[in-house]
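Below is one structure, written out as structure tokens; comments come after it.
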Amino acid sequence: QVQLVESGGGSVQAGGSLRLSCAASVFTYRMGWFRQAPGKRREGVACITSDNGRTYYADSVKGRFTISQDNAKNTLYLQMNSLKPEDTAMYYCASTMAYGGFWYLPTTYDSWGQGTQVTVSS
């Protein structure tokens with residue numbers, strides 16, 4: 001199983017920025033970021049595939065968030081700009097070696113980090 005450790009969460013005012021990092025023991029075919037707010041389902045935020053670097057985003061974050069990876073450091077990033085109070089959630093890094101499945105479904109992934117909290121105040 002892949003080991004994933006997130007960092008970079010914190011509290012910020014609306015309109016601010018944060019960059020999340022996820023240190024991975026190894027990069028797999030598909031790496032993603034998910035988030036879960038209290039009382040809500042875990043939702044896919046962004047994904048990147050290792051073969052061609054293709055990226056995918058939830059509609060709610062398009063144009064504001066950017067997923068990237070540093071292969072030399074085995075680190076996945078999520079740059080979050082123009083943050084909104086509705087972005088408040090626990091953010092999780094996830095990975096899968098599988099080629100199938102929808103990127104935005106948690107069941108597609110088989111390894112998860114412990115999460116990092118992001119709080120955006122208005």
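Annotation: salt bridge (Lys or Arg N to Asp or Glu O under 4.0 Å) contacts of K62 (sequence neighbours excluded): D59.
Taking both residues in full, the closest heavy atoms of P85 and S122 are given as CG-CB, 3.9 Å, listed atom of the first, atom of the second, then distance. Here the closest heavy-atom approach between residue S17 and residue Q79 is recorded as CB-NE2, 4.0 Å. Taking both residues in full, the closest heavy atoms of W33 and L20 are given as CH2-CB, 3.7 Å, listed atom of the first, atom of the second, then distance. Residues A37 and A89 come closest through the heavy atom pair N-CB, 3.9 Å. For the residue pair T49 and Y56, the shortest heavy atom distance occurs at CG2-CE1, 4.1 Å. Contact between D70 and Y77 at its shortest, heavy atoms only, is CB-CE1, 3.9 Å.
At distances below 3.5 Å, at least one donor-acceptor pair connects side-chain atoms of E6 with backbone N or O atoms of Q114. Between the side chain of T96 and the main chain of T108, a donor-acceptor pair closer than 3.5 Å is present. Using a distance-only test at 3.5 Å, with no hydrogens or angles considered, a donor-acceptor pair links the side chain of Q1 to the main chain of D110. No donor-acceptor pair closer than 3.5 Å links the side chain of Y104 to the backbone N or O of C47.
Between Y92 and W112, the ring-plane angle classifies as perpendicular under the 30° and 60° cut-offs.
Residues L76 and Y91 are members of one and the same hydrophobic cluster, defined by side-chain heavy-atom contacts under 4.5 angstrom among Ile, Leu, Val, Met, Phe, Trp and Tyr. Hydrophobic clustering, with ILVMFWY side chains joined whenever heavy atoms are under 4.5 angstrom apart, keeps L18 apart from F34. Under the 4.5 Å side-chain heavy-atom criterion for Ile, Leu, Val, Met, Phe, Trp and Tyr, M80 and M90 are members of distinct hydrophobic clusters.
The CD1 atom of I48 sits 6.5 Å away from atom OG1 of T55, with the distance rounded to the nearest 0.5 Å. One distance of note links SG of C93 with OH of Y109; it measures 10.0 Å at 0.5 Å rounding. Interatomic distance, OG1 of T107 versus CZ of R42, reported as 11.5 Å (0.5 Å rounding). In this structure, OG in S111 is found 7.0 Å from CE in M97, a value given to the nearest 0.5 Å. Rounding to the nearest 0.5 angstrom, the gap separating the CD atom in E43 from the CD atom in Q36 is 9.5 Å. Between the OH atom of Y29 and the CG atom of D51 there is a distance of 4.5 Å, given to the nearest 0.5 Å.
The side-chain heavy atoms of Q117 and T88, taken from C-beta on, include a pair separated by under 4.5 Å. Side-chain contact between R64 and D87 is present, with at least one heavy-atom pair separated by less than 4.5 Å.
For the pair R54 and W103, the cation-pi test (distance below 6.0 Å, angle within 45°) is failed.
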For this session: Show the numbers, then the answer: is there a side-chain contact (heavy atoms from CB on, under 4.5 Å) between V2 and F27?
Result: CA-CA 8 Å; V2 178; F27 272 156; over 6 Å; no
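Partner R35 forms a side-chain contact (heavy atoms from CB on, under 4.5 Å) with one of L78, V61, T116 and no other, that one being V61.
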